[in-house]
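Written below as structure tokens is the structure these notes are about.
Start at 1 with the first residue, then count along the sequence. No experiment lies behind these values; they were computed from the predicted model shown. For the numbers below, each heavy atom of this structure counts, side chains included, while hydrogens, waters and symmetry mates do not.
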Amino acid sequence: MAKTELIDSHISVKQCTRAVHALHAYVSKKQKEQEEKELLPSNEQYVWLQVTVKRMHPEHKIKPFKIPLKHPLIDPRVTPVCLITKDPQREYKDLLESHKIKFISRVVGITKLKGKFKSYEARRMLLKENGMFMADERVIPLLPKLLGKKWFDAKKQPIPVCLTRKDLKGELERAIESTYMHQNRGTCTSVKIGLLSHAPEKILDNIKISLPAIVSNIKGNWDNIQNIHIKTNSSISLPIWTCEAGDATGGRWDGMVQSKDASEESESDEDSDSDDADMDLEESVPEVPVSKGKSKGTKKPLDEIVQKSVTPKEVKQKRSAEGAEKKKAKIVKGGPVKSAKGALIGKKPGRP
């Protein structure tokens, strides 16, 4: 197959085109049927690129990777964009005005986020009113606790931007025109690469632009990728690329299949362990003398002694029985036993 027919030298353009057209036709048909039954219009569905890796990433990163797109997912003229900044809030509003930036709908400072938007209802309204959130990269570590999990469930995590750059307008425009890959510790990562309202050709263009950047941010690159699918929010996933199932270079089990030398060593270790276990079983169990009453020299196997368990209740009963026998023997031998206190005090005067 010619190199011009592949995306990033791996994915077939023909296979990708067939999957995109099939997914777009199926979901569009289902959405029209749903709109006929419901009064309110449904939310816009995204097209996701789902990447499954062979080995999990060792750490979770809060800051996402920026992925370029040819056709943006957000239009600031239609979708409101909110910017979260440091304090004071007024300073950054003046900064946006000085750079003639008019596509930011709202600016919220940290103090305002802790005060006005502290309640759950206020934060829910803020999430619903804005389609995209950007934040100063210096306050990103504070936001998960202040915003709550609803931002992450809605896939509207604030995008970090640098507000100290000279070309501030270009920085914010590039942030809006890109998509983002949030690295997790699992084996599956999903990235938005299109809208259902986009034509299939636009979705295919976004895949061609975004896929090399996605692969470059995965540890191990193509050698660590197991398969790639495309899907929407509620549809099944269609495969566009799958690695080979063998243990060859780049295959599913590459580096995971045990070599012959290692298997022979493991077998020899198992044999030695089994021999040691047999030797332990063949050893005789030592016997220890156990006294029972006045008889001496009675011996019992050690395993019987260890296996026999004595409860605290039985110990208490045994001690009380021994004490009663001793007291009875003293009474029979020398009359009633006086306590140590009675022996010291003796008889009190005036008493017989």
Side-chain angles (χ1 to χ4, degrees), residues 40-48 62-69 71-165 168-182 190-198 206 232-234:
L40 298 177
S42 58
N43 297 328
E44 179 73 32
Q45 291 201 42
Y46 291 98
V47 179
W48 298 80
I62 299 177
K63 188 175 180 180
F65 298 107
K66 185 183 292 186
I67 308 298
L69 291 176
H71 305 284
L73 307 179
I74 299 293
D75 186 359
R77 297 171 296 180
V78 180
T79 306
V81 179
C82 179
L83 178 64
I84 302 174
T85 64
K86 291 180 66 178
D87 296 323
Q89 175 181 314
R90 172 51 57 184
E91 178 182 343
Y92 292 95
K93 285 185 176 180
D94 297 338
L95 181 64
L96 295 178
E97 292 177 1
S98 64
H99 285 81
K100 298 180 180 181
I101 299 173
K102 299 181 180 180
F103 51 83
I104 300 296
S105 305
R106 188 165 195 169
V107 179
V108 179
I110 291 294
T111 303
K112 198 171 184 179
L113 199 61
K114 293 179 179 179
K116 182 180 179 180
F117 299 101
K118 184 178 180 180
S119 64
Y120 174 80
E121 186 64 24
R123 282 183 284 130
R124 189 181 69 83
M125 291 301 297
L126 180 66
L127 176 65
K128 186 178 180 180
E129 292 173 355
N130 299 276
M132 182 179 183
F133 291 87
M134 295 187 293
D136 190 344
E137 60 184 6
R138 294 169 290 183
V139 301
I140 286 291
L142 305 175
L143 296 182
K145 186 177 180 181
L146 295 176
L147 297 178
K149 67 175 184 177
K150 287 296 179 181
W151 258 259
F152 298 90
D153 294 341
K155 307 299 181 182
K156 289 186 179 181
Q157 299 96 318
I159 304 304
V161 291
C162 182
L163 299 181
T164 58
R165 291 189 176 180
L168 181 60
K169 187 175 182 179
E171 172 73 8
L172 298 179
E173 286 178 349
R174 287 189 295 270
I176 294 174
E177 293 174 357
S178 303
T179 188
Y180 295 88
M181 184 178 75
H182 297 271
S190 299
V191 184
K192 298 177 185 177
I193 48 94
L195 296 169
L196 190 60
S197 57
H198 285 168
N206 283 347
T232 62
N233 297 2
S234 57

Closest contact, heavy atoms only, P141 versus R138 = CD-O, 4.1 Å

List the atom of Q45, the atom of N233, and the distance in Å for their closest heavy-atom pair.
-> OE1-N, 3.6 Å

Between T85 and D136: side-chain donor-acceptor atoms closer than 3.5 Å | no

To the nearest 0.5 angstrom, please state how far the CD1 atom of I176 sits from the CE atom of M132.
-> 5.5 Å

Approximate separation, where rounding is to 0.5 Å, of L113 CG and L126 CG = 7.5 Å

P160 side chain reached by P64 side chain, heavy atoms, under 4.5 Å | yes

Note: E121-R124 ion pair, threshold 4.0 Å (strictly below) | yes

For W48, the ring-ring contact (aromatic ring centres under 6.0 Å, His included) test, sequence neighbours excluded, returns none

For the residue pair L146 and K114, establish whether any side-chain heavy-atom pair is separated by less than 4.5 Å.
-> yes

Test item: side-chain donor near acceptor, Q89 and T111, under 3.5 Å = no

When rounded to the nearest 0.5 angstrom, what distance separates CG in N130 from CD1 in I84?
-> 9.0 Å

So which pairs with a foot in residues 76-103 pass ring-ring contact (aromatic ring centres under 6.0 Å, His included), sequence neighbours left out?
-> none

Any chance you could measure I159, atom CD1, to K66, atom NZ, to the nearest 0.5 Å?
-> 9.0 Å

With a distance cut-off below 6.0 Å to the six-membered ring centre and an angular limit of 45° from the axis, does K192 pair with Y46 as a cation-pi contact?
-> yes

Is the shortest heavy-atom distance from the side chain of L168 to the side chain of V161 under 4.5 Å?
-> no

Does a side-chain heavy-atom distance below 4.5 Å link Q157 with F133?
-> no

Heavy atoms only: give me the nearest P158-A135 pair and the separation to one decimal.
-> CB-CB, 3.9 Å

Might you point out which heavy atoms bring L73 and I193 nearest each other, and give the distance in Å?
-> CD2-C, 4.1 Å

Rounding to 0.5 Å, atoms CZ (R123) and CH2 (W151) come to a distance of 6.5 Å

Determine, stepwise, if the pair R174 / E171 fulfils salt bridge (Lys or Arg N to Asp or Glu O under 4.0 Å).
-> CA-CA 5 Å; R174 287 189 295 270; E171 172 73 8; 3.5 Å; yes

Heavy-atom closest pair, residues C82 and V108 = SG-CG2, 3.9 Å

State the CD-CZ distance between E129 and R106, to the nearest 0.5 angstrom.
-> 6.0 Å

Shortest non-hydrogen separation from L196 to E44 and the atoms involved | N-OE2, 3.5 Å

